[in-house]
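Taking it in order: structure first as structure tokens, then the write-up.
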Amino acid sequence: MMQPDKIILVSPWVTCALIGLFIAWPLYLLCKKKWRSSASNNNRNTAPPDWSIAPGTAAEKKQSFLHAWDPRLKIATLFTFCFVVASLDALGTCLAALLISISAVLYSHTPWIRVRKRLVAISGFLAMFLVIMPFTSPMVEDETILLFPFLSALPFHMYGLLTAVLICLKACSVALLMEPMFGTSSLTVSLQALQQLGVPAPIIQMILLTHRFIYLFQQEANRMHRSMKLRGFSPKTDIATMRITGNFLGMLFIRSYERTEHVYEAMLSRGYNGVFPVYTQHRISVKDIVTTGGWLITGLVLLLFDASAQALWV
């Protein structure tokens, strides 16, 4: 039977402080979100966005070597680099991969508010690893265990915490790489590159049309909801609210279906035959090959350092 190398009894005061921090942090985020929503409601003098042009359909104004990189090589290389990051097992190499991803985001001139939204979207899922894995991971040889008051039956394994931290670092690195992979080219160019890499054309067209019209449907839903509020609608927990909500969803579905029918007829009248025309021709230059080789060599170096770090711990 494996025995831990060290068992540490945690003070009750430290336990209370950790519990208070664990409770206070979500409350702080909730209050901050409510404050921002109220501030945005007070500042409604700005012009509404033009939803006829979906976000992401135009390339960024600021240019970098990532913007000039051939999109086919860029997607294939960064996608391979994501698999390299996912295969890392050492803390040092995972931190290095995270720094590389942050540097790529900086060089791509991506707005940090968009990066923050991407990280917030996965933060809840990753937080569960940090909370559950230290208490549920199996015991390994020569590890340190923390015993909290009133939780002696659930020892806190430091090896489980390390595993959870590695998962979080790798997930954040891969999530950050999505920005330079798809955010440095327009949506149409990225989809054309995916099609040239072997993705079926029907899937490409479905993604393009979905991305195009989801914002129009969102605008339609906001307009209908605004008209309902002007007519005195106030949501409650009763049958009338459920009936009105059902009518709202039904009308939204009907209007969305009618709009898609009109768009399809317009596409047919303009000569659509199941294939979108391609106006952008990509040519691989020497600079693209050098950039691709640099990323592949970086991934290989990370794998070698990770293997050597694992050999030192064995």
Side-chain angles (χ1 to χ4, degrees), residues 26 29-59 111 113-125 175 178-179 182-183 185-192 194-195 199-277:
L29 295 179
L30 182 61
C31 295
K32 187 177 181 180
K33 183 178 180 180
K34 289 185 176 181
W35 178 79
R36 286 185 175 179
S37 61
S38 61
S40 61
N41 292 331
N42 295 331
N43 299 328
R44 289 187 173 180
N45 297 326
T46 58
D50 184 9
W51 293 116
S52 62
I53 302 177
T57 55
I113 185 172
R114 194 166 70 187
V115 178
R116 185 179 60 185
K117 289 181 179 180
R118 183 181 294 274
L119 294 179
V120 169
I122 64 174
S123 61
F125 179 73
M178 294 298 106
E179 291 297 338
F182 295 106
S185 299
S186 64
L187 178 65
T188 54
V189 172
S190 297
L191 292 179
Q192 290 175 10
L194 288 173
Q195 184 173 355
V199 179
I203 296 179
I204 299 297
Q205 296 180 20
M206 290 172 59
I207 295 174
L208 180 61
L209 293 176
T210 301
H211 183 272
R212 171 64 179 82
F213 288 101
I214 191 172
Y215 299 99
L216 293 179
F217 295 156
Q218 182 182 4
Q219 183 190 26
E220 185 74 18
N222 292 335
R223 189 182 65 82
M224 293 174 59
H225 185 261
R226 186 165 53 251
S227 64
M228 290 168 58
K229 293 179 65 176
L230 292 175
R231 290 175 174 84
F233 172 70
S234 179
K236 301 177 182 178
T237 55
D238 52 7
I239 300 299
T241 301
M242 296 177 63
R243 186 183 298 111
I244 295 174
T245 304
N247 294 333
F248 168 78
L249 295 176
M251 288 301 300
L252 179 62
F253 176 77
I254 292 173
R255 293 186 180 184
S256 303
Y257 178 76
E258 291 177 350
R259 178 165 291 188
T260 54
E261 286 290 326
H262 295 161
V263 170
Y264 182 66
E265 292 174 358
M267 291 169 60
L268 291 179
S269 65
R270 288 168 174 79
Y272 174 72
N273 58 355
V275 178
F276 285 149

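One is the number of the first residue; the rest follow in order along the sequence.
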Is the CD1 atom of Ile214 crowded by more than 12 outside heavy atoms at less than 6.0 Å?
-> no

Do other residues, nucleotides or ligands put more than 12 heavy atoms under 6.0 Å from the CE atom of Met242?
-> no

Does Arg118 reach the main-chain N or O of Arg114 with its side chain, forming a donor-acceptor pair under 3.5 Å?
-> no

Heavy-atom closest pair, residues Val120 and Ser123 | O-OG, 2.7 Å

Separation of Leu187 CG from Phe182 CZ (nearest 0.5 Å) = 10.0 Å

Does Ile207 offer a backbone N or O that forms a donor-acceptor pair with the side chain of Thr210 under 3.5 Å?
-> no

Can you list every ring-ring contact (aromatic ring centres under 6.0 Å, His included) pair that touches residues 234-273, not counting sequence neighbours?
-> Tyr272-Phe276

Determine the minimum heavy-atom distance between Met228 and Ile244, stating which atoms define it.
-> CE-CG2, 3.5 Å

Nearest atoms (heavy-atom pairs only) where Ser234 meets Thr241 = O-OG1, 4.3 Å

Decide if atom CD1 of Ile113 counts as having more than 12 heavy atoms of other residues, nucleotides or ligands within a radius under 6.0 Å.
-> no

Would you check if Arg231 and Ser227 make a side-chain contact, meaning some heavy-atom pair closer than 4.5 Å?
-> yes

Do the side chain of Ser256 and the main chain of Leu252 share a donor and acceptor less than 3.5 angstrom apart?
-> yes

Is the CG atom of Leu268 crowded by more than 12 outside heavy atoms at less than 6.0 Å?
-> yes

Charged N to carboxylate O below 4.0 Å: is that the case for Arg223 and Glu220?
-> yes

CD of Glu265 to OG1 of Thr260: how many Å apart, nearest 0.5 Å?
-> 9.5 Å

Are any non-hydrogen side-chain atoms of Leu194 and Leu191 less than 4.5 angstrom apart?
-> yes

Least distance between heavy atoms, Val189 atom then Ser185 atom = CG1-CB, 4.2 Å

